[in-house]
Structure formats: structure tokens, C-alpha cells
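All remarks here apply to the structure that follows.
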Amino acid sequence: MHKSPEIYFIVILGIILGLVLVGFIVAILFLYQRRQQKQEQEITRMKDAYEKEALRSQLEIQENTLKTIAQELHDNIGQMLSVVKLSLSVVPLDNDDKAYEPIRSSQEILNKAIFDLSNLTKSLHTERIVDIGLAESIRYELIAIKKAGILDVQYNDDGPEWPFGEQKAVFLFRMFQEALNNILKHAKATELIVNLSYANNVCRLEIKDNGRGFNIPGQHHFASSGSGVGLRSLYNRASIIGAEISICSAPGSGTTILIQLPFGDEE
């Protein structure tokens with residue numbers, strides 16, 4: 001019986017060592033799981049950063065391409081149209097000449113073509129967007145739409161404009177152009193309302209139409225799928241500059257696109 005305390009001591013020591021071993025194993029598994037989660041998060045972060053940088057490079061290439069196209073249109077096509085216009089203006093014709101009215105009509109068409117080409121090149125050129133600012137770039141685009149009689153346009157801008165970095169200003173304008181293009185191509189709208197405001201350190205660009213609207217599958221659908229190219233482009237550009245975008249639409253109820261960009265440190 002005098003050996004019982006020793007046995008009890010050994011049993012208790014064994015239990016304690018067992019518990020310590022179990023605790024050690026649990027701690028190792030917990031640390032391993034946390035490390036694995038951190039690795040997965042880091043891989044996801046690196047993947048997102050890579051995709052964002054790849055998208056940024058792609059969009060920069062697109063901007064450079066648009067700039068090149070604008071310059072070529074201005075230097076080549078614009079000059080040729082101007083030469084033709086000058087040639088027609090010096091043709092000696094009397095008012096009662098049979099060719100007078102056709103040539104005059106051709107001159108009017110040519111003037112409109114030159115004007116439209118000028119608007120197009122200005123719209124494509126990145127430097128102009130930066131020079132005149134986001135608000136004036138949007139206003140200029142809407143004036144062209146209104147003059148063409150395509151839509152009844154209302155534009156509200158509460159200014160003064162914030163000092164956006166070049167990339168953010170250009171991307172916001174391209175997003176506006178993409179939304180406008182979608183309206184002209186698909187919405188069958190008759191009215192367009194654009195609101196640009198700056199309040200509470202947030203720039204808000206709201207684009208509303210009274211068109212036929214559509215069902216919205218959700219943001220992730222456009223961000224990851226192959227459909228909804230125009231809307232996916234909006235989400236991609238918004239992601240790069242840190243803007244939030246929401247789209248409210250339903251069949252027969254028009255569409256409202258709201259882009260919100262916090263005003264923080266510029267690049």
C-alpha cells in the first residue's frame with residue numbers, strides 16, 4: 001500500500017504530460033491553420049494586385065490608342081476635309097447655275113462633317129479632358145448630344161471642381177462616356193439627366209435616363225462574366241480609381257447609374 005502515492009503521482013504526471021502534449025498539438029494545428037489562412041490571403045491580395053495592374057496597363061494602352069487616333073483624325077482626315085472645303089469655296093458659280101445648289105448643299109454637309117470630326121477628336125484626346133476639367137468635358141459632350149436632337153438633356157453641376165489627379169479625371173469621364181454610349185445604343189430613352197456634385201469629401205456623378213431599363217444580375221456578374229461588356233468596363237475602371245458604382249434599373253423604369261469617388265490623396 002505504501003507504493004500507492006507513487007502510482008498516483010505517475011498517473012497524474014502522465015495525465016499532465018498528455019494534456020500538455022494535446023495542447024501542444026492543438027496549438028501547432030491552430031498556428032498552422034492561421035499561417036495557411038495568411039498565405040491564402042496574401043496569394044489573393046497578390047492576385048488582385050496583379051489583375052488590377054494588368055487592367056490599369058490595358059486601359060492606359062487604350063488611352064494612348066485613342067490619343068493616337070485623335071491626332072491622326074485631326075492631322076489627316078481633318079486636313080483633307082478642309083482642303084475640299086476650300087476647293088469648293090473658290091468654285092466660280094452664279095446663283096442661277098445648275099450646280100450651285102448641289103455644291104452649296106455639299107458645303108453644308110462638309111461643314112457639319114468637319115464640326116463633328118472636331119468634336120470627336122476633342123472627346124478622344126486625353127489632354128483636353130485634363131485641361132478643361134471633368135465638368136466642362138461632360139458639358140461639352142452633352143451639348144453635342146442636345147444639338148443633335150437625340151435626347152432632351154439636363155445637366156446640373158454644383159462645382160467648383162476638385163483637383164483630381166489626371167488618371168481619376170480621365171477615368172471618370174470615360175465612365176460617363178461608356179454610360180452615355182449604353183444609353184444611346186440600348187436604352188431607347190428620350191430624356192437624360194446628369195448630376196455632378198461634390199459634398200462630404202465625395203464626388204458624385206449620377207446619370208439617369210427614362211429608357212426601357214433592364215434586369216440587373218448583380219455587380220459580380222458584370223465584374224467576372226463575359227456579358228455586359230459596357231457595364232463591366234464601368235466596374236473595372238471604378239475599381240482602379242477606388243470609386244463605388246451602383247446601378248438601379250428595371251424593365252420599363254429607366255436606369256440610374258451612380259458613381260461615387262472619395263476625395264483623398266492623389267497619386
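- Enclosure of atom CD in Q260 by more than 12 non-hydrogen atoms of other residues, nucleotides or ligands within 6.0 angstrom is indicated.
- Linking Ile, Leu, Val, Met, Phe, Trp and Tyr residues whenever their side-chain heavy atoms come within less than 4.5 Å places I245 and F263 in a single cluster.
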query = Are L192 and L142 close enough, and set up right, to give a side chain to side chain contact (heavy atoms under 4.5 Å, CB included), and what steps lead you there?
reply = CA-CA 9 Å; L192 172 66; L142 292 176; 3.7 Å; yes
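- Linking Ile, Leu, Val, Met, Phe, Trp and Tyr whenever their side-chain heavy atoms come within less than 4.5 Å puts L134 and I240 in one cluster.
- Applying the salt bridge (charged side-chain N to carboxylate O under 4.0 Å, His left out) rule to pairs touching residues 196-213 yields nothing, sequence neighbours excluded.
- Residues A179 and I257 approach most closely at CB-CD1, 3.8 Å, considering heavy atoms.
- For CG of N156, the number of neighbouring non-hydrogen atoms (other residues, nucleotides, ligands) closer than 6.0 Å is greater than 12.
- At least one donor-acceptor pair closer than 3.5 Å links the side chain of S249 to the backbone N or O of F214.
- A heavy-atom distance below 4.5 Å is not found between the side chains of T255 and I183.
- Considering only heavy atoms from C-beta on, N215 comes within 4.5 Å of P251 through its side chain.
- At a threshold of 4.5 Å between side-chain heavy atoms, the hydrophobic network of Ile, Leu, Val, Met, Phe, Trp and Tyr places L21 and L29 in one connected group.
- Within the 4.5 Å cutoff, the side chain of D157 has heavy atoms near those of the Y198 side chain.
- Transitive grouping of hydrophobic side chains (ILVMFWY, heavy atoms separated by less than 4.5 Å) keeps I132 and F171 in distinct clusters.
- Judged purely by atom type and a 3.5 angstrom limit, Y155 has no side-chain atom pairing as donor or acceptor with the backbone of L196.
- In this structure, the side-chain contact (heavy atoms from CB on, under 4.5 Å) partners of I143, at least two apart in sequence or on a different chain, are R139, K147.
- In this structure, CD1 on I12 lies 7.0 Å from CD1 on I15, to the nearest 0.5 angstrom.
- Using a 4.5 Å heavy-atom threshold, the side chains of I207 and L180 count as separate.
- Note on I16 and F24: separate hydrophobic clusters, where clusters join Ile, Leu, Val, Met, Phe, Trp and Tyr whose side-chain heavy atoms are under 4.5 Å apart, directly or indirectly.
- Put simply, the side chain of Y235 reaches to within 4.5 Å of the side chain of I247, judged on heavy atoms.
- You'll find the side chain of I138 reaches within 4.5 Å of the side chain of L205, heavy atoms only.
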request  = Kindly determine whether T190 and N210 satisfy side chain to side chain donor-acceptor pair (under 3.5 Å), including the steps that lead there.
outcome  = CA-CA 7 Å; T190 59; N210 67 339; 2.8 Å; yes
